[in-house]
Amino acid sequence: MIKEIRYFRLPTSPGNEQKMNPLTRDLYLVNTGEIEVGKGSAWDSEGKTENYLLAFCTKGEGVVMLGGEQVPVSSDQFFIVPRGEVFRFYSVLKSPTRFLTAGFDGRNVKHLEREFSVVRNLVPSVNNMVANREMLFDEIFNNLSKGFHDQNLEYVNFCFGHLLATFIYANRTSDDLADESNPGVRRAIHFLDKNLHKKLSLQQIAHEAGYSPTYFTTLFREETNYAPLSYFSHLKTLKACEFLDYTRMKVKEISYNLGYSDPYYFTRDFKKKMGMSPRQYRNRIR
């Protein structure tokens, strides 16, 4: 069973404004939504796809059949289905699987196909300072709920262009960490990304990686050019920027959500890295 949690189809007539608009015709969103594939259920294209499809798995796991391959898919992985292809995804029996999806097209999309792969991991990296993907999806959903007037559609499509880039260029902007880095370092990076709300010690991080603190620090610095705690601090700053840009949370709330016991220390760390206070950062575009 397929449950449609959210769904928007952008208008395509009269005259298909997005195809004609010089600001959007090269890359534009056709539809977007969030679905849940019930445990043991299948989700497929029901024939050849009319547009390109981005499918980002946010929860659960299963197997996708695409391009003659059968590949496992789990949380924090994605695949892109080219136009005119057929795919079928099977969710595991033990739990449902959720996807954020986006159908898209445009004059220049065919030039991006070389960046597509059947299934790709999303690995956090300090060199991949992109907005949180789920928040970008939410930004698109929220604006589509306000209507389909020209300026709103233009804004939505610019947001989608940014979002798509964070997927198809993820391996390049993160220095191919998924394929090349030490498994213990990858495990530690994933651990840090999932625990931004906590205050972690070097000992805890090294334990997660399976090394002594001293040896782990050496390995981590070789892979990322950062000490583990400095890297963790950068990830917290990135998450703080997302909260400031996409939510109305107060600075004090953000600091507590990122594991700071004192908002003063959070503000000091943020200003040291960004060159401005959290409030100045939030007000910079007003």
Side-chain angles (χ1 to χ4, degrees), residues 4-35 43-58 64 66-69 73 77-89 99-122 128-174 245-246:
E4 198 172 88
I5 300 169
R6 296 181 282 187
Y7 182 76
F8 292 93
R9 175 173 287 278
L10 279 68
T12 57
S13 61
N16 199 338
E17 292 88 345
Q18 296 192 105
K19 276 187 176 181
M20 304 300 293
N21 189 329
L23 294 178
T24 60
R25 64 191 179 192
D26 290 337
L27 174 66
Y28 56 85
L29 195 61
V30 176
N31 57 68
T32 185
E34 182 177 16
I35 66 167
W43 167 45
D44 61 45
S45 55
E46 299 180 353
K48 294 183 177 180
T49 55
E50 296 182 1
N51 308 108
Y52 295 83
L53 175 68
L54 165 67
F56 172 34
C57 182
T58 58
V64 65
L66 174 63
E69 297 186 54
V73 181
Q77 292 185 318
F78 73 97
F79 57 88
I80 295 177
V81 183
R83 182 174 53 204
E85 293 289 332
V86 175
F87 80 93
R88 189 172 183 84
F89 172 81
F99 285 96
L100 288 166
T101 68
F104 62 97
D105 215 324
R107 300 195 311 179
N108 286 343
V109 177
K110 62 182 179 181
H111 301 302
L112 298 174
E113 287 191 10
R114 65 183 179 275
E115 304 295 340
F116 297 174
S117 59
V118 174
V119 173
R120 186 179 287 173
N121 294 318
L122 294 170
N128 190 14
M129 293 294 189
V130 296
N132 179 282
R133 294 170 178 88
E134 292 187 47
M135 283 188 171
L136 275 173
F137 266 107
D138 284 337
E139 177 75 357
I140 291 171
F141 293 150
N142 290 338
N143 279 277
L144 287 176
S145 68
K146 299 174 183 177
F148 299 134
H149 55 86
D150 290 347
Q151 288 188 336
N152 196 34
L153 288 179
E154 288 170 1
Y155 173 71
V156 163
N157 279 293
F158 280 122
C159 285
F160 174 68
H162 178 194
L163 174 64
L164 182 63
T166 72
F167 285 101
I168 64 176
Y169 293 109
N171 66 321
R172 293 187 179 181
T173 54
S174 62
D245 280 337
Y246 298 109

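Atoms considered below: every heavy atom in the structure, side chains included; atoms not considered: hydrogens, waters and symmetry mates.
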If you count heavy atoms of other groups shown closer than 6.0 angstrom to CD of Glu85, is the number above 12? yes

Would you name the heavy atoms of Phe87 and Phe89 that are closest together and state the gap between them? CD1-N, 4.3 Å

Please work out which of the three classes, parallel, tilted or perpendicular, describes the rings of Phe104 and Tyr52, given edges at 30° and 60°. parallel

CG/Asn157 to CG/Leu164 distance, rounded to the nearest 0.5 angstrom? 11.5 Å

Examine the side chains of Tyr246 and Glu134 and answer whether a donor and an acceptor come within less than 3.5 Å of each other. no

Tell me if the centroids of the rings in Phe99 and Phe56 come within less than 6.0 Å of each other. no

Of all heavy-atom pairs between Val86 and Ser45, which one has the smallest distance, and what is that distance? CA-OG, 3.5 Å

Side chain to side chain contact (heavy atoms under 4.5 Å, CB included) between Leu100 and Phe141: does it pass, once the steps are laid out? CA-CA 11 Å; Leu100 288 166; Phe141 293 150; 3.9 Å; yes

Shortest non-hydrogen separation from Gly103 to Leu53 and the atoms involved: N-CD1, 4.2 Å

salt_bridge(Asp138, Arg6) N-O dist < 4.0 Å: yes

Tyr28 OH to Leu10 CG distance, which is reported to the nearest 0.5 Å: 11.0 Å

Smallest heavy-atom separation, Glu50 atom then Asp105 atom, equals O-OD2, 4.1 Å

Does any non-hydrogen side-chain atom of Leu66 lie less than 4.5 Å from one of Val81? yes

Rounded to the nearest 0.5 Å, what separates atom CD1 in Ile35 from atom CD in Glu4? 8.5 Å

Non-hydrogen atoms of Phe78 and Phe167 that approach each other most closely: CZ-O, 3.3 Å

Between Thr32 (side chain only) and Thr101 (backbone N and O only), is there a donor and an acceptor less than 3.5 Å apart? yes

dist Glu139:CD -> Leu144:CG (nearest 0.5 Å) comes out at 10.0 Å

Test side-chain contact (heavy atoms from CB on, under 4.5 Å) applied to Val109 and Leu27, Asp26, Ile80, Asn51, the passing residue: Leu27

Thr166 backbone acceptor or donor facing Arg133 side chain under 3.5 Å: yes

Less than 4.5 Å apart, side chain to side chain, heavy atoms only: is that true for Tyr7 and Arg9? yes

Gap separating the CG atom of Asn143 from the CD atom of Gln151, nearest 0.5 angstrom: 12.0 Å

Step through the shown structure and confirm whether more than 12 heavy atoms of other residues, nucleotides or ligands are within 6.0 Å of CD on Glu46. no

Going by heavy atoms in the side chains, are Leu29 and Leu153 under 4.5 Å from each other? no

Can you tell me how far the CD1 atom of Ile140 sits from the OG atom of Ser145, to the nearest 0.5 Å? 12.0 Å

Is it true that the side chains of Arg83 and Thr49 contain a donor and an acceptor less than 3.5 Å apart? no

